[in-house]
Amino acid sequence: MCSARNGRVHTVGVVLAAGAGRRFGGPKILAHQGHWLEQSVAALRNGGCDRVAVCMGAAVVDAPPGVLAVEVPDWASGMSASVRAALDLAAELDAELLVLHLIDLPDVGPPVVARVLDSAAGRPDALVRAAYGNLPGHPVVVGRDHLAPMRATLTGDSGGRDYLAAAGAQSIACGDLATGADHDVPESLA
């Protein structure tokens, strides 16, 4: 498990949950009476993050105890707004590593977070993401060296996908721990 060193936050985990969830039928931060939010926070906290934050926008809720609330005023512009807010928070906290996690991955728990963090090995140049089968997924670990360059590439609803591909993010197999399936529509829960 990672820890703070010399007052610096070693690892900050951020749940990306600012969207309206149009295809889902409402903001996913509210899904299952907040249970998805609690699960996502627990995955980050118990997976090795020193600090945990939640990006919110379409719906604003009380953050769980000890969790930073990050309001994303331009959330409607797409996923890139939330990723930008997470990168800015990591820079503000002088974090060595940022872990990006999606709220709609209810089966991705602490073991997945721990595995991708262990693979990053605390390196400031780390760029690591979970993979399920041959598909890249979340969580994603972004080392401090990538915060500003990644931020400069963000537009629309693609988040950091293009940057991760161009910068050669390392994929870490996690299919033995979770499906990594995101739930964009209610039918996906069946």
Side-chain angles (χ1 to χ4, degrees), residues 1-5 8-19 28-29 31-32 34-56 63-70 79 82-83 85-91 93-147 150 159-161 163-164 167 169-184:
M1 189 173 285
C2 301
S3 61
R5 290 182 230 169
R8 171 184 284 164
V9 173
H10 185 264
T11 304
V12 61
V14 179
V15 179
L16 303 176
K28 295 175 189 176
I29 198 169
H32 304 279
H35 185 64
W36 278 6
L37 175 59
E38 292 169 9
Q39 282 182 302
S40 299
V41 165
L44 292 170
R45 185 178 279 150
N46 298 331
C49 296
D50 300 311
R51 297 293 305 268
V52 176
V54 177
C55 287
M56 51 185 87
V67 174
L68 300 169
V70 178
M79 176 70 80
S82 293
V83 175
L87 294 166
D88 290 348
L89 176 67
L93 294 174
D94 196 23
E96 294 175 28
L97 299 173
L98 166 65
V99 182
L100 298 171
H101 187 41
L102 303 180
I103 194 162
D104 62 354
L105 304 175
D107 77 330
V108 174
V112 176
V113 175
R115 184 176 287 174
V116 294
L117 272 175
D118 287 347
S119 296
R123 298 182 333 267
D125 65 340
L127 199 58
V128 179
R129 72 180 316 163
Y132 305 93
N134 292 326
L135 300 174
H138 285 81
V140 173
V141 178
V142 181
R144 181 178 40 227
D145 293 354
H146 291 281
L147 298 178
M150 184 177 191
R161 181 182 323 135
Y163 181 83
L164 294 170
Q170 177 186 6
S171 291
I172 302 302
C174 294
D176 60 318
L177 300 174
T179 67
D182 62 344
H183 297 283
D184 288 332

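- Looking at Arg115, its side chain does come within 3.5 Å of a backbone N or O of Ala173 through a donor-acceptor pair.
- The shortest distance between side-chain heavy atoms of Leu89 and Leu68 falls below 4.5 Å.
- Rounded to the nearest 0.5 angstrom, Arg144 CZ and Arg123 CZ are separated by 13.0 Å.
- Nearest approach of Val112 to Ala178, heavy atoms of both residues: CG2-CB, 4.1 Å.
- Atoms NE2 and CG, on His146 and Leu127 in that order, are 4.5 Å from each other to the nearest 0.5 Å.
- Interatomic distance, NE2 of His10 versus CG of Asp94, reported as 11.5 Å (0.5 Å rounding).
- A distance of 3.5 Å separates CG of Asp104 from NZ of Lys28, quoted to the nearest 0.5 Å.
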Mind listing the side-chain donor-acceptor pairs of residues 133-142 below 3.5 Å, one per line with the distance, residues two or more places apart or on another chain?
none

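- Side-chain contact between Val15 and Trp36 is absent, with no heavy atoms from C-beta onward closer than 4.5 Å.
- Summarising the geometry of Ala126 relative to Leu97, their closest heavy-atom pair is CB-CD2, 4.3 Å, with the distance given to 0.1 Å.
- Rounded to the nearest 0.5 Å, atoms CG (Asp176) and OH (Tyr132) are 10.0 Å apart.
- Closest of all the heavy-atom pairs between Pro64 and Val41 is CG-CG2, 4.1 Å.
- Considering CG of Leu164 and CE of Met150, their distance stands at 4.5 Å, rounded to 0.5 Å.
- Contact between Val54 and Ala17 at its shortest, heavy atoms only, is CG1-CB, 4.2 Å.
- Between Ala85 and Val70, the shortest heavy-atom distance links the atoms CB-CG1, 4.0 Å.
- Each of Val83, Leu93, Thr11, Leu87 was scored for a side-chain contact (heavy atoms from CB on, under 4.5 Å) with Leu98, with one residue passing: Leu87.
- For Arg129, the side-chain hydrogen bond (donor to acceptor under 3.5 Å, both in side chains) test picks out no residue, with sequence neighbours left out.
- Annotation: side chain of Met79 is in contact with side chain of Leu102 (closest heavy-atom distance under 4.5 Å).
- Residues passing the salt bridge (Lys or Arg N to Asp or Glu O under 4.0 Å) test with Asp88, sequence neighbours excluded: Arg151.
- Taking both residues in full, the closest heavy atoms of Cys55 and Ser82 are given as SG-O, 3.7 Å, listed atom of the first, atom of the second, then distance.
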